Amino acid sequence: QLQIVESGGGLVQPGGSLRLSCSASGFSLDNYAIGWFRRAPGSERGGISCISSNSANTDYAESVKGRFAISRDNAKNTVYLQMNSLKVEDTAIYYCAATPRISGLVCPHNINNAEWYAYWGQGTQVTVSS
């Protein structure tokens with residue numbers, strides 16, 4: 001059974017940092033593009049970042065550019081989302097998603113395109129509060 005799992009969420013003060021991880025069991029992420037999405041209270045799920053299978057292509061939502069960084073370690077079968085300078089408005093459930101489309105070499109043109117992805121994790125809560 002193909003599963004991806006997010007971890008690393010928690011409570012952090014404004015200005016703080018967290019690193020989220022997205023790991024897979026049952027398959028290798030080597031040929032999958034990975035996207036990160038989030039759903040804030042009262043809001044729709046939105047895309048925030050993507051990384052291609054070979055790390056050559058990355059993309060970020062405007063709201064997180066310069067603060068968040070996506071990376072991957074295929075040897076560990078894990079993708080990371082480093083989140084710095086966190087704001088209260090970053091509070092959300094964060095999801096990672098995987099797609100094998102085009103061998104994972106392409107991120108979707110629209111970062112919010114959830115249909116691009118075939119597999120989803122259950123999410124991890126990030127709360128930014130003082």
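Note that the coordinates shown come from a computational prediction; the quantities given were computed from them, not determined experimentally. All values below were derived from every heavy atom in this structure, side-chain atoms included, with hydrogens, water molecules and symmetry-related copies excluded.
Both Tyr117 and Ile102 belong to a single network of hydrophobic side chains, linked directly or stepwise wherever heavy atoms of I, L, V, M, F, W or Y lie under 4.5 Å apart.
Side chains of Leu81 and Glu6 form no contact here, defined as non-hydrogen atoms less than 4.5 Å apart. The closest side-chain heavy-atom distance from Ile34 to Cys22 is below 4.5 Å. In this structure, Ile48 and Phe68 have side chains that are in contact, with non-hydrogen atoms separated by less than 4.5 Å. Taking 4.5 Å as the limit, every side-chain heavy atom of Gln82 sits out of range of all side-chain heavy atoms of Ser71. Between Tyr95 and Arg38 the shortest side-chain heavy-atom distance does not fall below 4.5 Å. Considering only heavy atoms from C-beta on, Thr58 stays 4.5 Å or farther from Ser52 through its side chain. Counting only heavy atoms from C-beta outward, the side chains of Val126 and Leu18 approach each other to under 4.5 Å.
With rounding to the nearest 0.5 Å, the separation of CD1 in Ile93 from CD in Gln125 is 5.0 Å. Annotation: the span from Ser63 atom OG to Glu89 atom CD amounts to 9.0 Å, rounded to 0.5 Å. Annotation: the span from Ile4 atom CD1 to Ser21 atom OG amounts to 12.5 Å, rounded to 0.5 Å. A distance of 11.5 Å separates OG of Ser103 from CG of Asp30, quoted to the nearest 0.5 Å. Summarising the geometry, atom CD1 belonging to Ile51 is positioned 7.0 Å from atom OH belonging to Tyr60; distances are rounded to the nearest 0.5 Å. Taking CG from Leu105 and CG from Asn31, the interatomic distance works out to 7.5 Å, rounded to the nearest 0.5 Å.
Between Phe27 and Tyr119, the ring planes lie tilted relative to each other; the angle falls in the 30° to 60° range.
Nearest approach of Gly47 to Ala61, heavy atoms of both residues: O-CB, 3.6 Å. Trp116 and Val106 get closest at one heavy-atom pair: NE1-O, 3.4 Å. Residues Pro108 and Cys50 come closest through the heavy atom pair CD-SG, 3.9 Å. Taking both residues in full, the closest heavy atoms of Arg45 and Arg39 are given as N-NH1, 3.7 Å, listed atom of the first, atom of the second, then distance. Across every non-hydrogen atom of Val128 and Asp90, the tightest pair is CG2-CB, 4.2 Å. When every heavy atom of Arg72 is checked against every heavy atom of Tyr32, the shortest pair comes out as NH1-O, 2.9 Å.
Phe37 and Trp120 have their aromatic ring centers within a separation under 6.0 angstrom.
Each of Asp73, Ile70, Leu20 was scored for a side-chain contact (heavy atoms from CB on, under 4.5 Å) with Tyr80, with one residue passing: Asp73.
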Worked verdict on Ser129 versus Leu11 for side chain to side chain contact (heavy atoms under 4.5 Å, CB included): CA-CA 7 Å; Ser129 174; Leu11 173 64; 4.1 Å; yes

Chi angles and distances behind the side chain to side chain contact (heavy atoms under 4.5 Å, CB included) call for Asn77, Ser28: CA-CA 6 Å; Asn77 214 26; Ser28 169; 4.0 Å; yes

Evaluation steps, side-chain hydrogen bond (donor to acceptor under 3.5 Å, both in side chains), between Ser23 and Thr78: CA-CA 5 Å; Ser23 301; Thr78 301; 3.3 Å; yes

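The backbone N or O of Gly104 lies less than 3.5 Å from a partner atom in the side chain of Ser53, making a donor-acceptor pair. Judged purely by atom type and a 3.5 angstrom limit, Thr99 has no side-chain atom pairing as donor or acceptor with the backbone of Ala118.
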